2 protein chains.
Amino acid sequence: MQIGELSERSGLSRDALRFYEKRGLIRARRRPNGYRHYPEATLFLLDYVRTAQRLGFTLAEIEAELPLLQGEGLTAERVETILRGKIAVIDARIGDLKALRDDLAGRLSDVCPLIAAGQ
Amino acid sequence: MQIGELSERSGLSRDALRFYEKRGLIRARRRPNGYRHYPEATLFLLDYVRTAQRLGFTLAEIEAELPLLQGEGLTAERVETILRGKIAVIDARIGDLKALRDDLAGRLSDVCPLIAAGQ
DNA sequence: CTAGAGGGTGGAGTGCACTCCAGGGTCAAG
DNA sequence: CTTGACCCTGGAGTGCACTCCACCCTCTAG
């Protein structure tokens, strides 16, 4: 698939895809004319990147974990440690979101405790 | 409390606090010498801002909801609608995080399905 | 009275993640 | 063989959320 199709199917701009390539997040083979050529799997990768990013991870963080996702030479223990760390971060974030959610839900019927905060 | 203490207790820099004031997120009374003076409640407000922000809301979004948090003239129905909308957004985000978490948890013992994504 | 910590302002600079642009090559259809 | 859609590159520009800076004022301790 070339960049236009990948752009359409992933929902990312061509510029964003080229930018990701510069950063090393994705790779492309080149056709003899210089055009980029992507395998289907890039869509999964981009979906993962998109999700992680929307959840508050920076591209640098996502980038750092790519070798892990792509199974490149790391020990099983190291992978496990990193994954457990990430899961802990995510669990904490879920906890925060639940707290915010409950806070908002409480306001649906309550008086607001922040009412005086601006003065 | 003056800006230095608020900075220390909130974990935000003085510059960030002045920046938030410019944006209208927080307000400060002024002492005769021009120094800012904040009530305790500002800490709650900043905590709320911090949390919402870390969860992916922009300052503009948070700003837009402040009148709501501070109970300024909105109908009960409107407040309820906005809150329900926000809760839905948060629930969706929790769902995404759970999916990512489960995905990572699965990798703890599995082979990686993204293994070919880079080629 | 002076030193040093803390406060004020306006404006420039930073890092991130794109986004846009100029200038140019490639390719299928008519 | 031209038109139009698509692709390439390098580099400048954008929006967000700060962060830093120069320069100046205020207050407390010694």
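Proteins come first, then strands; the chains are lettered A, B, ... in the order of their sequence lines, and each starts at number 1. Predicted model only: the values in this text are computed from it and were never measured.
- Nearest-nucleotide assignment on DNA chain D puts the 5′-proximal partner with A/Glu5, out of B/Leu12 and A/Glu5.
- The side chain of B/Phe19 approaches D/dT19 more closely than any other nucleotide in the set C/dG8, C/dT26, D/dT19.
- Atom CZ of A/Arg23 is separated from atom C1' of C/dC16 by 8 Å (rounded to the nearest Å).
- Residues forming a side-chain hydrogen bond (donor to acceptor under 3.5 Å, both in side chains) with A/Glu63 (at least two apart in sequence, or on another chain): A/Arg23.
- Applying the side-chain contact (heavy atoms from CB on, under 4.5 Å) test between A/Arg9 and each of A/Leu46, A/Thr42, A/Leu43 identifies A/Leu43 as the sole match.
- Of all nucleotides listed (D/dC18, D/dC27, C/dG8), D/dC27 comes nearest to the side chain of B/Asn33.
- Listed nucleotides D/dT26, D/dT19, C/dT19 differ in distance to A/Ser13; the shortest reach to its side chain belongs to C/dT19.
- With respect to the salt-bridge test (charged N to carboxylate O, under 4.0 angstrom), the residues B/Arg30 and B/Glu21 qualify.
- Taking 4.0 angstrom as the limit, A/Arg36 places a side-chain polar atom (N or O) nearer than this to OP1 or OP2 of D/dT9.
- Atom P of nucleotide D/dC18 and atom CG of B/Leu25 are separated by 9 Å, given to the nearest angstrom.
- A salt bridge is absent between B/Asp47 and B/Arg50; no separation between the charged side-chain nitrogens and carboxylate oxygens falls under 4.0 Å.
- B/Gln2 has its CD atom 19 Å from the P atom of D/dC25, to the nearest Å.
- At a threshold of 4.0 angstrom between heavy atoms, the contacts of A/Asp15 include nucleobase atoms, whether or not backbone atoms are also involved.
- In this structure, of C/dG8, C/dC18, C/dA17, it is C/dG8 that holds the atom nearest to the side chain of B/Ile3.
- For A/Arg31, the side chain to side chain contact (heavy atoms under 4.5 Å, CB included) test picks out A/Gln2, A/Asn33, A/Tyr35, A/His37, with sequence neighbours left out.
- Close to C/dT9, at under 4.0 Å from its OP1 or OP2, lies a side-chain N or O of B/Arg30.
- In this entry the distance linking OH of B/Tyr20 with C1' of D/dA17 reads 7 Å, nearest Å.
- Side-chain atoms of A/Tyr35 and base atoms of D/dC6 include a donor and an acceptor less than 3.5 Å apart.
- If you measure from atom CD of B/Glu21 to atom C1' of D/dC18, you get 16 Å, rounded to the nearest angstrom.
- The distance between atom CZ of B/Arg31 and atom P of C/dG6, rounded to the nearest whole Å, is 16 Å.
- In this structure, CZ of B/Arg18 is placed 13 Å from P of D/dT19, rounded to the nearest angstrom.
- Atom CZ in B/Phe57 sits roughly 17 Å away from atom P in D/dC16 (whole-Å rounding).
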